[in-house]
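Counting convention: from 1, in listed order, for ligands and their atoms alike.
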Amino acid sequence: MLFPKKFINKDKLINELTGKTIVITGASSGIGEQLAYYLGELTCHLILVARREEKLLHIKKTINTAKVSVYKADLRNQDDRRGFLSFIYNLDTDIDFFVNNAGISIKRSIYDSLDRFHDFQRTMSINYFAPVEILLSIIPNLERSNGQIINVSTINTLLVPFPYFSAYEASKQAFDTWFQSVSPELNARGIFTTSIYLPLVRTPMIEPTKTYQTKPAMSPNHVAQIISQSMYKKKRSFKPWWIFGGEVLSLFLRRVWEKFGYRFLK
Ligand SMILES: NC(=O)c1ccc[n+]([C@@H]2O[C@H](COP(=O)([O-])OP(=O)(O)OC[C@H]3O[C@@H](n4cnc5c(N)ncnc54)[C@H](OP(=O)(O)O)[C@@H]3O)[C@@H](O)[C@H]2O)c1
């Protein structure tokens, strides 16, 4: 009930994606990996990016229909980002879809973070600076192809920020705000923009958080279908149907939470 099954119009998906070039960052695991498998059944060109090349090569081997290119990069590293951009410039086609999915999450109390400034640097680096720098370079490319940028975001950006996740929350919010800000300009030039606001998804990202193991979570395959549907529907955003209640509560109870929330953390 929380995550109703998606109806995918395969004909529309095939029409939209045949012959197209799709970049998926963070394709070696979780959502990106499942998206690669899902789209891998179509006649398109997938460019899979992540640090773990052996995982990307394994995914490539498993995919029979799509053409798959693998690019190993630590997207926090500016030289790797530049190398990846050169690879894109040297393709003989433009990019039609850019799925900004690579990301990391950190759950840590601020009191355990006092000597860990690097946590904030690395989350900003992968969740914010990497996609901004890449997109700045490929916007002209996406404009030529009337392409689409799909950002894999989180429902947290729609709600009151959670304690313990400050590094993650701030970095995801930063990119979401950047993306909301540039979207009208991009849309005016023919680039589609889509934000996918996800609840918990059962991927390696949430494994370290024990309390998440018993919470309801979407499957990464379900998310792959949501993203695929957004590729032919071109909707501006996906949100779980029930998040509206959370948004309203967040709006009205924000002050109460700010005043009394600390009591729950004692
Ligand atoms: N899981 C959830 O509950 C949830 C909820 C809302 C939103 N999201 C978002 O969904 C996206 C995908 O997360 P996931 O749940 O699928 O997690 P995941 O299984 O941990 O996958 C993360 C992916 O990002 C890649 N990545 C991380 N750091 C990278 C770096 N420095 N350079 C290049 N690639 C890097 C990883 O590849 P390598 O390690 O091989 O580099 C991996 O392929 C993230 O943006 C996350 O914020 C997840």
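Residue contact annotation: A217 has no non-hydrogen atom under 4.0 Å from ligand 1. Residue-ligand proximity: Y168 is placed with a non-hydrogen atom under 4.0 Å from ligand 1. Proximity of S125 to ligand 1 is not established, as no heavy-atom distance is less than 4.0 Å.
Remark: K10 qualifies as a cation-pi partner of Y38 under the 6.0 Å distance and 45° angle criteria applied to the six-membered ring. Relative to the ring axis of F192, K234 places its NZ or CZ within 45° and under 6.0 Å from the centre.
Applying the 4.0 Å criterion to heavy atoms of K172 picks out, from ligand 1, the atoms 44 (C), 45 (O), 46 (C), 47 (O). Atoms of ligand 1 lying under 4.0 Å from any heavy atom of A27, numbered from 1 in the order shown and given with element: 43 (O). Less than 4.0 angstrom separates some heavy atom of A73 from each of these atoms of ligand 1: 32 (N), 33 (C). In the vicinity of D74, heavy-atom distances shorter than 4.0 Å reach the ligand 1 atoms 30 (C), 31 (N), 32 (N).
Residues N187 and T193 bring a donor and an acceptor atom of their side chains to less than 3.5 Å of each other.
For atom 10 (O) of ligand 1, the candidate residues are V152, I104, D80; the nearest heavy-atom contact is made by V152. Taking all heavy atoms of M205, R76, E33, R81 into account, the minimum distance to atom 13 (O) of ligand 1 is reached by M205. Comparing K55, Q34, R51 by heavy-atom distance to atom 41 (O) of ligand 1, the nearest is R51.
The nearest protein atom to atom 37 (O) of ligand 1, hydrogens excluded, is given as S28 OG, 2.9 Å; this is a heavy-atom distance.
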Subject >> Verdict with reasoning, V49 to V70, per side chain to side chain contact (heavy atoms under 4.5 Å, CB included) >> reply: CA-CA 6 Å; V49 192; V70 156; over 6 Å; no
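Each of M231, Q148, H45 was scored for a side-chain contact (heavy atoms from CB on, under 4.5 Å) with I22, with one residue passing: M231. Put simply, the residue from I88, V99, L46 that forms a side-chain contact (heavy atoms from CB on, under 4.5 Å) with V23 is I88.
Remark: F87 CZ is packed, more than 12 non-hydrogen atoms of other residues, nucleotides or ligands lying under 6.0 Å away.
For ligand 1, one of its N or O atoms has an N or O atom of N101 under 3.5 Å away.
The pair R82-D79 does not count as a salt bridge, with every side-chain nitrogen at least 4.0 angstrom from each carboxylate oxygen.
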